[in-house]
Amino acid sequence: MNFKTLNRRFGLLTISSVFLLLLAGGVVRSTGSGMGCPDWPKCFEKYVPPTDSSQLPAGYKDIHLAKRLKKAIKFSKLLEKIGFEKEAKLLLQDPSLYIPEDFNTRKAWTEYINRLIGALSGVFALGFFITLFKAQLKTDKLKFWCGVIGFILMLFNGWLGSIVVATNLVPILVTIHYLAAYAALSFFMISVFSFDASNISLPIKKYKWFYVFILLLTLIQISYGTQLRQACDLNDKKGLLISNNSINTDVLGTDFSIHLVLAIVLTLLTILPALMTRKKVNGWWFKILLIIPLTFMLQYLSGVLNVRYNFPVVAQVSHVFFAGIVYAVSLYICIANFSKSNHA
């Protein structure tokens with residue numbers, strides 16, 4: 001059995017499933033389905049969600065609320081032990097934590113599908129982890145340990161998903177849950193993708209530090225985007241986000257302005273290498289370089305639609321998904337530019 005080939009296939013499946021998770025997570029968040037299943041890993045104590053409230057036991061709201069509070073209190077004690085006393089206190093003071101969840105078929109199934117994709121990604125990641133020992137342990141230590149870290153991050157993010165549900169979608173935990181998916185994606189990509197350095201076009205290699213800068217700037221942009229989304233959630237709870245049927249950007253502070261400026265700067269910057277190398281690189285690499293500015297343009301457009309039309313579902317999901325595409329392609333170029341392997 002060729003474990004290297006098998007490991008790569010599992011790796012590609014894992015990376016693809018992370019993108020599906022980003023897409024599914026965007027749908028869950030934009031439709032308000034995060035608490036569609038108030039328990040975890042089951043949904044209303046069932047492996048398959050009910051289709052009608054008549055299938056639920058009497059007093060199901062109180063039952064699930066009690067279980068959720070038990071997990072939330074346990075997590076708050078963990079926060080206290082590691083030095084986050086203020087955050088632990090704020091968590092238990094959140095009024096929404098004590099509000100029971102009503103059953104909603106659409107939201108339950110939306111969240112359930114998200115969990116199925118998460119479980120599938122876990123299976124792929126486990127297959128990747130098992131074959132990793134035969135494929136990379138003796139040949140490439142960096143790729144081996146990046147694969148191990150990626151698998152650990154997948155496990156951590158699965159556990160964090162249960163905490164997000166238990167704490168009734170505390171914004172900061174949702175943000176960490178989202179960023180942890182990017183971290184896992186990064187380590188999996190470094191572990192899976194290999195390039196023959198001699199096949200990377202010289203004009204692209206001249207821009208290798210430029211793309212490292214773009215990657216870091218993209219991470220900063222994503223970070224501001226998550227903070228901005230967190231601010232939107234908090235202001236929405238206070239009733240301050242919507243004013244005269246439009247988004248009140250004044251309550252979003254400087255995060256909104258920085259996020260907007262960075263979007264324009266990144267779009268303009270990434271056009272440059274694509275134009276400068278268009279006649280010097282082969283068709284494949286030119287398309288790769290061109291994907292980034294084109295995706296930034298689409299992401300900017302989806303951001304405008306979010307602000308103009310109060311976060312329509314398609315625009316919200318697209319905005320999150322395009323961020324993943326830009327980040328992954330930028331990382332792909334960086335891995336190629338810094339690759340020293342002799343095998344494709």
Student: Could you list the cluster mates of Ile73? Members are the ILVMFWY residues connected by side-chain heavy atoms closer than 4.5 Å, either directly or through other members.
Tutor: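 Ile73 clusters with Leu65, Leu69, Leu92, Leu97, Tyr98.
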
Student: Can you name the nearest heavy-atom pair linking Leu132 to Phe144, along with the distance?
Tutor: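 That would be CD2-O, 3.3 Å.
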
Student: How far does CD1 of Ile335 sit from CE of Met189, to the nearest 0.5 angstrom?
Tutor: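 Between Ile335 CD1 and Met189 CE, I get 4.5 Å after rounding to 0.5 Å.
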
Student: With a 4.5 Å heavy-atom cut-off, do Pro38 and Phe103 have their side chains touching?
Tutor: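 In short, these two side chains do not touch, never coming nearer than 4.5 Å.
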
Student: After noting the C-alpha distance and the side-chain angles of Ser186 and Tyr327, does the key distance pass the side chain to side chain donor-acceptor pair (under 3.5 Å) rule?
Tutor: CA-CA 9 Å; Ser186 301; Tyr327 176 78; 2.5 Å; yes

Student: Could you tell me whether Asp39 and Lys67 have a side-chain N and a carboxylate O separated by less than 4.0 Å?
Tutor: no

Student: For Val329, which of Leu289, Thr270, Ile288, Leu290 qualifies under side chain to side chain contact (heavy atoms under 4.5 Å, CB included)?
Tutor: Ile288

Student: Would Ser243 and Asn248 count as having a side-chain donor-acceptor pair, cut-off 3.5 Å?
Tutor: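 The criterion, which ignores hydrogens and geometry beyond distance, is not satisfied for Asn248 and Ser243.
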
Student: Is it the case that Glu80 and Ser76 place a side-chain donor and acceptor less than 3.5 Å from each other?
Tutor: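 Note: Glu80 and Ser76 side chains miss the donor-acceptor criterion.
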
Student: Taking the six-membered ring of Phe311, is the NZ or CZ of Arg229 close enough (under 6.0 Å from the centre) and on axis enough (within 45°)?
Tutor: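 Yes, cation above the ring, under 6.0 Å and within 45°.
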
Student: Could you walk me through whether Arg115 and Glu111 pass the salt bridge (Lys or Arg N to Asp or Glu O under 4.0 Å) test, one step at a time?
Tutor: CA-CA 6 Å; Arg115 292 185 185 184; Glu111 169 61 11; 2.8 Å; yes

Student: Considering non-hydrogen atoms only, spot the tightest contact between Ser121 and Thr14 and give its length.
Tutor: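 That would be O-CG2, 4.5 Å.
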
